[in-house]
> 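The structure under discussion is supplied below as structure tokens; questions concerning it will follow.
Computed from heavy atoms alone, side chains included, the values below leave out hydrogens, waters and symmetry copies. Numbering of residues begins at 1 and proceeds along the displayed sequence.
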Amino acid sequence: MKKAKTSLRELLGDISPEERAEARLSFQISNRLDFLMRQQGLSKKQLAEAIGKRPSEITRWLSGEHNFTISTLAKLTSFFGQPIINVV
């Protein structure tokens with residue numbers, strides 16, 4: 001059996017600049033959310049209960065692969081009293 005020898009560079013070469021930018025922003029948002037949760041000592045369950053979501057949804061948010069809506073970002077900004085993202 002032959003093994004595929006595809007390099008990471010080859011794999012990433014198939015990703016468009018837009019997809020890279022989207023992934024980067026998504027992970028920045030999830031990292032920010034994780035930071036704010038840790039800063040306030042909140043578990044996924046506690047955050048979920050506080051904002052009316054299920055813990056499984058918080059897990060998806062923290063995965064870095066969730067597509068956040070403006071409404072959700074606004075809710076999180078209001079809850080934490082700090083911006084989740086900054087638009088310049």
> Heavy-atom distance under 4.5 Å between the side chains of Leu62 and Met37, does that happen here?
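Counting from C-beta outward, Leu62 and Met37 do come under 4.5 Å.
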
> List in chain and number order the residues that pass side-chain contact (heavy atoms from CB on, under 4.5 Å) with Glu49, two or more places apart in sequence or in another chain; answer none if no residue qualifies.
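Checked Glu49 against side-chain contact (heavy atoms from CB on, under 4.5 Å); matches are Lys45.
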
> Can you list the residues that meet the side-chain contact (heavy atoms from CB on, under 4.5 Å) rule with Asn31, with sequence neighbours excluded?
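Partners of Asn31 under the side-chain contact (heavy atoms from CB on, under 4.5 Å) test: none.
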
> Distance-only check: which donor-acceptor pairs under 3.5 Å involve side-chain atoms of residues 78-88, not counting sequence neighbours?
residue : atom : partner : partner atom : Å
Gln82   : OE1  : Arg32   : NH2          : 3.2
Gln82   : NE2  : Gln39   : OE1          : 3.2

> Nearest 0.5 Å, what's the CD-CG distance between Glu22 and Asn67?
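These two atoms lie 6.0 Å from each other.
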
> Under the side-chain contact (heavy atoms from CB on, under 4.5 Å) rule, collect the residues that match up with Glu57, sequence neighbours excluded.
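Partners of Glu57 under the side-chain contact (heavy atoms from CB on, under 4.5 Å) test: Lys53, Arg60, Trp61.
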
> Within the structure provided, determine whether Leu36 and Leu76 are in side-chain contact (heavy-atom separation under 4.5 Å).
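Counting from C-beta outward, Leu36 and Leu76 never come under 4.5 Å.
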
> Could you state the interatomic distance from CG (Leu47) to CD1 (Ile58), rounded to the nearest 0.5 Å?
4.0 Å

> Please list, chain by chain and in numerical order, all residues satisfying side-chain contact (heavy atoms from CB on, under 4.5 Å) with Ser26, sequence neighbours excluded.
none

> For Ser30, enumerate each residue passing the side chain to side chain donor-acceptor pair (under 3.5 Å) test, keeping only those at least two apart in sequence or located in another chain.
none

> Are Phe27 and Leu33 linked, directly or through intermediate hydrophobic residues, by side-chain heavy-atom contacts shorter than 4.5 Å (ILVMFWY only)?
no

> Consider only side-chain N and O atoms of Thr72 and Thr69, and report whether a donor and an acceptor are under 3.5 Å apart.
yes

> Does Ser16 offer a backbone N or O that forms a donor-acceptor pair with the side chain of Glu19 under 3.5 Å?
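Present.
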
